[in-house]
Amino acid sequence: MAHFLDELNDVQRAAVTTTEGPILVIAGPGSGKTRVLTYRIAHLIEKGAAPWEILALTFTNKSAREMKERIAGVVGNRAESVWAGTFHAIFARILRAEASKIGYSANFTVYDTDDTTSLIRTLIKEKNLDPNTYNAATIRTRISLAKSNLLSPTAYRGNVELQQQDLAAQRPYLADVYEAYVQRCRRAGAMDFDDLLFQLYRLFRENPDNVLDKYRKKFRYLHVDEFQDTNFLQYAILRQLVRYDGSAENIFAVGDDAQSIYAFRGATIDNILDFEKDYPRLQTFKLEQNYRSTHHIVSAANEVISNNRRQLNKTIWTDKNESRRIKLLKCLTDDEEARKVADLILEQKHRYHLPNSEIAILYRTNAQSRKFEEQLRRHNLSYKIFGGLSFYQRKEVKDLVAYLRLSVNPHDEEAFRRVINYPARGLSSATVDKLGQLAVERGLSLWDAMLLPELALSDRARKALGAFRKMVDAWSARARQDSAYKLASDIYRQSGLQEALKADTTTEGISRQQNAQSVLDGISEFSDTGLDAAGAIAGDDRTLAAYLQTITLLTDSDTTSDERDYITLMSAHAAKGLEFRSVFVTGMEDNLFPSYMAREEPNGLDEERRLFYVAITRAKEHLTISFAKTRYRFGQIRESKPSGFLSEIQIAHFEAVGGIGAGRNTAATDTYDQPRAAVSGNFTTPTRRNQTPKTAPPPPNFQPAPPDKIVAGSKVLHLKFGEGLVIAIEGPRDGKVATIQFYNDELPERRIVLKFAKLQIL
DNA sequence: GTTTCGCATCTTTTT
DNA sequence: GATGCGAAAC
């Protein structure tokens, strides 16, 4: 009967059929992780579990959708009742149902990153803090991290380590900003992404009997995908949900510590490592056979990841013993890189009959997509860029959505500020400032402050404000009963937005109209079918409020498109969980991949390495790695060196193609024939046959700098090791030790006592 | 009150 | 290279 179990190997089957108790599946890349997860759920249903007793939490809508589809493939439409979705989407759904218990309206707004940043910016201005030291994006990250670790503003203030960090960064008032931020979100009836977790935790903690218990009983089987990317808070909620009352603790977590790439967002491998401590009866399964990639790819990946210190013991292997090697593209410029990649794609398509959909170009930063886009267009290859500016971040879309949000929740401050005078209706910033000031004084939302008699305004402004309020009020009254689509299209018209967009008849203007229109189309589909924009079933709640809460949690890769056969362009992060027959990992240069930002983070380099690991393990058959000598960055041309990660791959896995410049058969492969020199070779000396000497003669104008002049971040020149970057300085005043990464060195970094070393600052 | 222009600033990854 | 912000022109 359960023939699908026959498609599994022994370990996979054991994991799938162990239905009770806590289970951890460590799943290497391409080891059938999704299959195990979906078959396990299918198996549970076949064995008689009700679909609605099953909860499956993922990180992206896409994988949730995929999972549902695959479960449906086995058990049919029963799959629809399984609670599968992202942490944020599922939690938002619960919060919406229980909002009143924590003092929120069911119509609460979800603030996205832009809203959050903009609110923080407002607060910094209100508090007269310097916006340079109090960088809104930095503060957003810190607040987010605090919430992810369950630290309230009060707890934040009491945390010695955090306080010291803030003091060191000259930001003593950060906790105040945090506190004000929380207050303002609450006043606006808004939750940010972290609140969807934080508030749920609070809801459960404060209502153990009437809320938590209900959900504990409801969800008999918990599943977590990408467990390595969960943060402390997510783990805490999972602990709340797993039943303790004598019955089995049915939590099934799947993850791979080697693919943890979201530490910057608060994810912690500790969750995997602590899992066993928290659940002594834990059963662990290791999926080590890679069914995806060929031998050279798997070996290269293993070699790279073995440089990381802290990891779970496992051996990924494959039986695909094809001889095809990894291609390395050395390029002079980023332009050339894009050209070579496009050319190679054409060649591969012909030679191996690769459809576009089996090809992906990956990069570290979204900004790198541009050059590839140009080249692919030149060759008439269809492509799709994921990430970057998503549909819902476009101005016209945000404007329309802001009006919709306001009609559902007039206290939404960010939506309010966005549209109060767009299209222009005679409400200047001076008026809004006055309103904002009064609102702060009285502790009210902007919407409520509008009614205060002491709001001193000109007659003209007062009239305009009154008209605005009346308009929004009328929408609010309809929000409860009217169809979402009817209301939304009326709002589009009555707000004046439609007219404003129509006035612009340029091509971009017309596309803006279309974008606004497609928001309305999406709402129409939602009210008709209950399908949200991600194609997921949102339940029976078809109000505008329900719709708005879903779209904030969407990203680009969730919007479905009609074009199917395209080449995929995305960041390495976005590629996690995907696979392609041919993968291009591009921009493999120092300070780009690994990112220069990673240097400042403890273990930052390890995380970058895991990211590289994720990138190369996306490839099934063809893996091409490229890097460029010069690249346009920060608005100017910069020189770069090949990524240090490349030298972690044994030369035997590479096949060399192309060379620096036009020399096709001459020196092209020279530097690659010698193991260590594979990529640590210095670009600045494009020698032909001779290797660059390891130590250059001292330049005549060498001038050592006094030790106290050298600080973290300094670029220095060392007589023996050459150029390097100072990562950290530590130790007592007269015994300072610098950790320096030398660009041209076999060691990743060296510790040097400044008193003795002679270093010139560059 | 509104628009436009120039300046500055910051560019890692995302639900 | 893109975006936001402030000042000056309209």
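So that the names make sense, note that chain A is the first sequence line, chain B the second, and so on, each numbered from 1. When reading the values below, keep in mind they use all heavy atoms of this one structure, side chains included, and skip hydrogens, waters and symmetry mates.
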Q: To the nearest angstrom, how far is Asp192(A) atom CG from dT14(B) atom P?
A: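 The answer, rounded to whole Å, is 18 Å.
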
Q: To the nearest angstrom, how far is Gln368(A) atom CD from dG1(C) atom P?
A: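 From Gln368(A) CD to dG1(C) P: 15 Å.
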
Q: Apply ring pair (Phe, Tyr, Trp, His ring centres under 6.0 Å) to the pair Phe91(A) and Phe204(A), showing each step before the final yes or no.
A: CA-CA 11 Å; Phe91(A) 292 178; Phe204(A) 283 164; 7.7 Å; no

Q: Please determine whether the number of non-hydrogen atoms from other residues, nucleotides or ligands lying under 6.0 Å from atom CG of Asp130(A) exceeds 12.
A: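 It does: Asp130(A) CG has more than 12 such atoms within range.
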
Q: For nucleotides 1-8 of chain B, tabulate all protein N/O to nucleotide N/O atom pairs closer than 3.5 Å, reporting atom names and distance.
A:
from: dG1(B); atom 1: OP2; to: Ser428(A); atom 2: OG; distance (Å): 3.1
from: dT2(B); atom 1: OP1; to: Gly426(A); atom 2: N; distance (Å): 2.8
from: dT2(B); atom 1: OP2; to: Asn421(A); atom 2: ND2; distance (Å): 3.2

Q: Is Tyr262(A) stacked on the base of dT14(B), with ring centres under 5.5 Å apart and planes under 30° apart?
A: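 Base of dT14(B): not stacked against Tyr262(A).
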
Q: Determine the contact category for Thr113(A): base if any of its heavy atoms lies under 4.0 Å from a base atom, sugar-phosphate if only primed atoms, P, OP1 or OP2 are that close, otherwise nothing.
A: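 Result for Thr113(A) = base.
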
Q: From NE2 of His573(A) over to P of dT13(B), roughly how many Å is that when rounded to an integer?
A: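 To the nearest whole Å, that distance equals 9 Å.
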
Q: Please report, rounded to the nearest Å, how far the P atom of dT15(B) is from the CG atom of Leu196(A).
A: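 Whole-Å distance recorded here is 13 Å.
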
Q: Set out, in order, the CA-CA distance, both residues' side-chain angles and the distance that settles salt bridge (charged side-chain N to carboxylate O under 4.0 Å, His left out) for Asp114(A) and Lys398(A), then state yes or no.
A: CA-CA 10 Å; Asp114(A) 289 343; Lys398(A) 289 208 86 163; 3.2 Å; yes

Q: Please step through side-chain contact (heavy atoms from CB on, under 4.5 Å) for the pair Lys629(A) and Glu336(A), ending with a clear verdict.
A: CA-CA 10 Å; Lys629(A) 182 188 173 192; Glu336(A) 187 186 306; over 6 Å; no

Q: Between Gln234(A) (CD) and dT14(B) (C1'), how many Å, whole number?
A: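 Taking atom C1' of dT14(B) as the reference, CD of Gln234(A) is at 12 Å.
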
Q: Would you say Gln228(A)'s side chain and Ile272(A)'s backbone share a donor-acceptor pair under 3.5 angstrom?
A: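 A pair under 3.5 Å: no.
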
Q: Between dG4(C) atom C1' and Lys125(A) atom NZ, what is the distance in whole Å?
A: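 Distance, rounded to whole Å: 10 Å.
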
Q: Would you check, one step at a time, whether the test salt bridge (charged side-chain N to carboxylate O under 4.0 Å, His left out) holds for Asp115(A) with Arg418(A)?
A: CA-CA 10 Å; Asp115(A) 295 321; Arg418(A) 186 169 188 96; over 6 Å; no

Q: Tell me what Tyr596(A) touches on the nucleic acid: a base, only sugar-phosphate, or nothing, going by heavy atoms under 4.0 Å.
A: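 Result for Tyr596(A) = sugar-phosphate.
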
Q: Between Asn135(A) and Leu611(A), just flag the one whose closest nucleotide in DNA chain B comes earlier from the 5' side.
A: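 Counting from the 5' end, the first nearest nucleotide belongs to Asn135(A).
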
Q: Look at all strands and tell whether Phe193(A) reaches a base, only sugar-phosphate, or nothing, counting heavy atoms closer than 4.0 Å.
A: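 Base contact.
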
Q: Where the side chain of Arg121(A) is defined as all heavy atoms beyond and including C-beta, which of dG1(C), dC5(C), dT15(B) is the nearest nucleotide?
A: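 In terms of side-chain proximity for Arg121(A), the closest of dG1(C), dC5(C), dT15(B) is dC5(C).
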
Q: Of the listed nucleotides (dT13(B), dT15(B), dC10(B)), which one gets closest to any side-chain atom of Ser571(A)?
A: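 Closest nucleotide to the Ser571(A) side chain: dT13(B).
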
Q: Taking the side chain of Asn132(A) as its heavy atoms from C-beta onward, which of dC10(B), dT15(B), dG1(C) lies nearest to it?
A: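 It is dC10(B).
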
Q: Given atom CG of Asp433(A) and atom P of dG6(C), what is their separation to the nearest angstrom?
A: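 Whole-Å distance recorded here is 10 Å.
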
Q: Answer yes if the ring centres of Phe627(A) and Phe645(A) are under 6.0 angstrom apart, and no otherwise.
A: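 No: the rings miss the under 6.0 Å criterion.
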
